[in-house]
Structures are given as C-alpha cells and as structure tokens.
Amino acid sequence: MNILGTVFMESLACPFATIDDILYTEKGNYDLSILDVHAEATSEKIALARYFDGRINIIFGTHTHVQTADEQILPKGTGYITDLGMSGPVSGILGTDAATVIEKMRTKMPARFTVADGEIKVFGALFEVDTDKGCVLSVRRIKF
C-alpha cells in the first residue's frame, strides 16, 4: 500500500481510515502487508506505524529524502523506519543543484531545478521476514 500523509500537504482523505478500509476489504487476500507512508511530517509517519503495529508487517516512510536512524521492530512485530532516504546525487539538495534550491528559498521566485553533479548514493532498508510466521525478524538501514 501507499498512502499520502496530510500534515503540511494537501487535504486528502484520512490515512488512518483509508488504510483501515483497505485492510478490511483485502483481509485474507495477501500473505505479507507493506505500507509506504509518503508524508512530510515524521510524527504522522510514526503515528500511523504505532496505530497499525501488528496489523501491517512492514511500514516505511518516504518523501523527506533523508534516511532516518530509527529502524526498529515495534512492540507488536511491525518492522519500521521513518524514512528510507533518497537515491541520487548527495552533493545537492534532494538530488538537485544546491545553489538553485537555496536561491529559490531566499527569493521565493520560481526556479528550474537541475540534477546535482557528484557522487550518487542509494539509501534504503532491508527487512528480514519469516514468511511462515508472517513476522519481521530484523530491520537494517542500507547505503551504497
């Protein structure tokens, strides 16, 4: 599943109710559940993870593009990390040329972003799952 957060972003349907509806509708139709929380606020990502702990196997956040260091297995067995991080040039801002982003922030004027030069990294997380028991055994951040 992929859900859009609502804090600091467009008004959308309640992500808690939307996911509850999906889990109810699809009950029995899957062996493993994974949720990508595409949201701005880390608090919203964590709140969703705590609410769905034990009902969704793997929950990870995206959108902020900065890998977090909070990978964990929650009390009821859900594997979690607040943000996987970005894949792309690390010398810029969110993979784009830093000077252009800074100028846009300073002036509040539109700007055309270009891909940053330099070293490219891939960030993410590796979730080890016992498919027989349907539980997450470990969560590990990865960076290449």
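Given the structure is predicted, the values throughout are model-derived calculations rather than measurements. All heavy atoms count here, side chains included; hydrogens, waters and symmetry mates do not.
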Below 3.5 Å, can you tabulate the donor-acceptor pairs from side chains in residues 113-127 to any protein atom, sequence neighbours excluded?
unit_1 : atom_1 : unit_2 : atom_2 : d
Glu119 : OE2    : Lys121 : NZ     : 3.3

inquiry  = Quick test of your reading: applying salt bridge (charged side-chain N to carboxylate O under 4.0 Å, His left out), list the pairs with at least one residue in residues 88-109, sequence neighbours left out, ordered by first then second residue.
reply    = Glu103-Arg106

note = salt bridge (charged side-chain N to carboxylate O under 4.0 Å, His left out) pairs touching residues 48-59, sequence neighbours excluded, are Asp20-Arg55

[X]-[Y] co-clustered via ILVMFWY side chain contacts under 4.5 Å:
{"X": "Leu84", "Y": "Leu74", "result": "no"}
{"X": "Ile3", "Y": "Ile59", "result": "yes"}
{"X": "Ile34", "Y": "Val37", "result": "no"}
{"X": "Ile22", "Y": "Tyr30", "result": "yes"}
{"X": "Ile58", "Y": "Ile19", "result": "no"}

ask   = Within a strict 4.5 Å, meaning less than it, do heavy atoms of the Tyr80 and Ile73 side chains meet?
value = no

query = Does any N or O in the side chain of Thr18 come within less than 3.5 Å of the main-chain N or O of Cys14, such that one atom is a donor and the other an acceptor?
reply = yes

About how many Å separate [atom2] of [Y] and [atom1] of [X], when rounded to the nearest 0.5 Å?
{"X": "Thr131", "Y": "Asn57", "atom1": "OG1", "atom2": "CG", "answer": "10.5 Å"}
{"X": "Ile56", "Y": "Leu35", "atom1": "CD1", "atom2": "CG", "answer": "4.5 Å"}
{"X": "Met1", "Y": "Phe52", "atom1": "CE", "atom2": "CZ", "answer": "7.5 Å"}

request  = Just grab all the side chain to side chain donor-acceptor pair (under 3.5 Å) pairs involving residues 86-96, residues at least two apart or on different chains.
outcome  = none

Quick one: side chains of residues 40-47, donor-acceptor pairs under 3.5 Å with protein atoms, not counting sequence neighbours, listed by atom name and distance.
unit_1 : atom_1 : unit_2 : atom_2 : d
Glu40  : OE1    : His63  : NE2    : 2.9
Glu44  : OE1    : Thr6   : N      : 3.1
Glu44  : OE1    : Val7   : N      : 3.2
Glu44  : OE2    : Thr6   : N      : 2.9
Glu44  : OE2    : Thr6   : OG1    : 3.2
Lys45  : NZ     : Ala39  : O      : 3.2
Lys45  : NZ     : Thr62  : O      : 3.1
Lys45  : NZ     : Asp83  : OD2    : 2.9

Test side chain to side chain contact (heavy atoms under 4.5 Å, CB included) applied to [X] - qualifying residues, sequence neighbours left out:
{"X": "Ile93", "answer": "Ala98, Val101, Ile102"}
{"X": "Thr25", "answer": "none"}
{"X": "Met86", "answer": "His65"}

If you look only at distance, which donor and acceptor atoms sit under 3.5 Å apart when one is on a side chain in residues 134-142 and the other is two or more places apart or in another chain?
unit_1 : atom_1 : unit_2 : atom_2 : d
Ser138 : OG     : Glu128 : OE1    : 3.1
Arg141 : NE     : Glu71  : OE1    : 2.7
Arg141 : NE     : Glu71  : OE2    : 3.2

inquiry  = Tell me every residue that passes ring pair (Phe, Tyr, Trp, His ring centres under 6.0 Å) with Phe16, counting only those two or more places apart in sequence or in another chain.
reply    = Tyr51

note = Across all chains, not counting sequence neighbours, the side-chain hydrogen bond (donor to acceptor under 3.5 Å, both in side chains) partners of Thr68 are Asp70

CG (Asp31) with more than 12 external heavy atoms under 6.0 Å = no

query = Does Arg112 have any salt bridge (charged side-chain N to carboxylate O under 4.0 Å, His left out) partners at least two apart in sequence or in another chain, and if so, which?
reply = none

